[in-house]
Asker: 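Please read through the structure below; I'll follow up with questions.
Just so we're on the same page: letters track the sequence lines, and every chain starts at 1.
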Amino acid sequence: MAERGAILPREFYARDALDVARDVLGQHVRHGDVILRITEVEAYRGPSDTAAHARFGSTPRTRTLFGPIGHAYVYLCYGIHWMLNLVARGDGSAVLIRAAEPVSGLASIRERRGGKDGPILLTGPGKIASALGVERRHDGACLYDPDSPITVVRGVRPKEILAGPRVGIDYADPQHVVAPWRLAIGGTAWSSQPKSMSPLTEAVRKQRRRR
DNA sequence: AACACGATGGACT
DNA sequence: GTCCATCGTGTTA
């Protein structure tokens, strides 16, 4: 078993987006002096996922999404917020980081987030990229290269994983809205945990996998 | 070339 | 709960 702080290998990303999403919970993402423990994510499973950018196929925006696995897919949302995704499987699949807990670099995080404090610093995908200082120039960055500006490293595995419905994707097919595309660590204030989220069971995972 | 709208967040009622 | 900033993208023409 790899020790804490070791960079996750390329192979980590060579799987179904739902499995990558589940296993990246508790891992750490680093940019400069800021390190965050990932507490909430959302899986986007390739072109067949009606909530995913990949539904349009490969376009100028999504070329990194269809590029090599284990790289960052960064894009601008609502003209304001940058989103950080991890490219998975190699078919346009990805995992969006939606919330995190500070591990180090709190001073930098607070500075970038307007001097705020507590979970409000990092609960929300736009806040993650903001706190890390990630934007357009990081699109395509390799996450397993030690010399890369952004890396994902071994963290602390969560005790409980919750699954819940997606938000902000009214245009998607209802089957792509319900659990378990959105996953969170249970029992922490550093993630959104609405009542609609419940423990991720093997039965639910298998049911989703067939779609 | 014009258009509609989005994988959001913050301010406000 | 409501409003809306702000701009790249995909769609249509």
Side-chain angles (χ1 to χ4, degrees), chain A residues 13 16-18 20-22 24-25 29 36 38-67 71-89 91-100 102 109-141 143 150 162-184 189-197 208 211:
Chain A
Y13 306 93
D16 188 289
L18 188 53
V20 175
R22 175 199 60 199
V24 85
L25 286 173
V29 58
L36 305 180
I38 299 168
T39 57
E40 184 182 341
V41 295
E42 185 163 331
Y44 291 92
R45 193 191 272 158
S48 65
D49 183 345
T50 59
H53 285 179
R55 69 189 186 280
F56 299 123
S58 183
T59 66
R61 173 175 63 162
T62 60
R63 78 184 182 287
T64 62
L65 188 53
F66 286 89
H71 288 237
Y73 169 48
V74 179
Y75 71 92
L76 186 63
C77 184
Y78 289 96
I80 304 169
H81 309 288
W82 294 101
M83 304 280 140
L84 173 59
N85 298 254
L86 320 175
V87 176
R89 199 160 82 169
D91 65 343
S93 290
V95 175
L96 170 68
I97 302 177
R98 296 192 63 96
I109 296 170
R110 286 201 184 109
E111 187 176 338
R112 290 172 178 147
R113 293 281 299 119
K116 295 185 172 59
D117 200 9
I120 197 172
L121 277 172
L122 298 166
T123 49
K127 301 175 185 178
I128 297 302
S130 170
L132 283 167
V134 164
E135 29 90 341
R136 171 169 297 289
R137 61 195 225 88
H138 300 106
D139 184 41
L143 301 169
I150 315 172
L162 304 176
R166 285 168 157 166
V167 293
I169 43 137
D170 296 343
Y171 51 85
D173 187 301
Q175 74 163 333
H176 292 141
V177 176
V178 297
W181 300 100
R182 182 175 167 211
L183 307 177
W190 297 92
S191 77
S192 320
Q193 291 174 75
K195 295 190 177 196
S196 56
M197 299 196 88
R208 187 61 47 201
R211 306 239 182 187

Asker: May I ask you to check whether A/His53 and A/Thr62 show a side-chain donor-acceptor distance below 3.5 Å?
Answerer: no

Asker: Looking at the side chain of A/Tyr78, which of B/dT8, C/dC7, C/dT9 is the nearest nucleotide?
Answerer: B/dT8

Asker: How close or far is atom P of B/dG9 from atom CD of A/Glu40, stated in whole angstroms?
Answerer: 10 Å

Asker: Is there side-chain contact between A/Val74 and A/Arg136, with at least one heavy-atom pair below 4.5 Å?
Answerer: no

Asker: Round to a whole Å and report the spacing from CZ of A/Arg55 to P of B/dC5.
Answerer: 13 Å

Asker: Quick one: A/Asp139 CG to C/dG8 P, roughly how many Å, whole number?
Answerer: 14 Å

Asker: Evaluate the side-chain proximity of A/Arg55 to A/Asp173: yes if any heavy-atom separation is below 4.5 Å, no if none is.
Answerer: no

Asker: Any side-chain heavy atom of A/His71 within less than 4.5 Å of one from A/Tyr73?
Answerer: no

Asker: Using the criterion of both pairing distances under 3.5 Å for Watson-Crick and G-U wobble pairs, give all stems of 3 or more consecutive pairs involving DNA chain C.
Answerer: B:1-6 with C:7-12, B:8-12 with C:1-5

Asker: Starting at atom NZ of A/Lys127, determine the distance to atom P of B/dT8, rounded to an integer number of angstrom.
Answerer: 12 Å

Asker: Do A/Ser192 and A/Arg98 make a side-chain contact, defined as non-hydrogen atoms from C-beta onward lying under 4.5 Å apart?
Answerer: no

Asker: Less than 4.0 angstrom between a side-chain N/O of A/Arg98 and OP1 or OP2 of B/dG9, yes or no?
Answerer: no

Asker: Supply the atom-to-atom distance A/Ile120 CD1 to A/Trp190 CH2, rounded to the nearest 0.5 angstrom.
Answerer: 10.5 Å

Asker: In plain terms, say whether A/Arg166 and A/Asp49 are close enough for a salt bridge, that is, a side-chain N and a carboxylate O under 4.0 Å apart.
Answerer: yes

Asker: Quick one: A/Tyr75 OH to C/dT6 C1', roughly how many Å, whole number?
Answerer: 15 Å

Asker: Taking atom P of B/dT8 as reference, at what distance in whole Å does atom CD1 of A/Ile120 sit?
Answerer: 17 Å

Asker: Is any side-chain N or O of A/Arg113 closer than 4.0 Å to OP1 or OP2 of B/dG10?
Answerer: yes

Asker: Rounded to whole Å, how long is the line connecting atom CD1 of A/Ile80 with atom P of C/dC7?
Answerer: 8 Å

Asker: Looking at A/Leu96, A/Asp139, A/Val29, which hits side chain to side chain contact (heavy atoms under 4.5 Å, CB included) with A/Leu84?
Answerer: A/Val29

Asker: Please report, rounded to the nearest Å, how far the P atom of B/dT8 is from the CG atom of A/Asn85.
Answerer: 11 Å

Asker: Just so I know, are the side chains of A/Leu65 and A/Tyr75 near enough to count as touching, which here means a heavy-atom distance under 4.5 Å?
Answerer: no

Asker: Taking atom P in both C/dT6 and B/dA2, compute the distance separating them and give it to the nearest angstrom.
Answerer: 22 Å

Asker: Between the protein and nucleotides 10-13 of chain C, list the N/O to N/O atom pairs that are separated by less than 3.5 angstrom.
Answerer:
from, atom 1, to, atom 2, distance (Å)
C/dG10, OP1, A/Thr59, OG1, 2.2

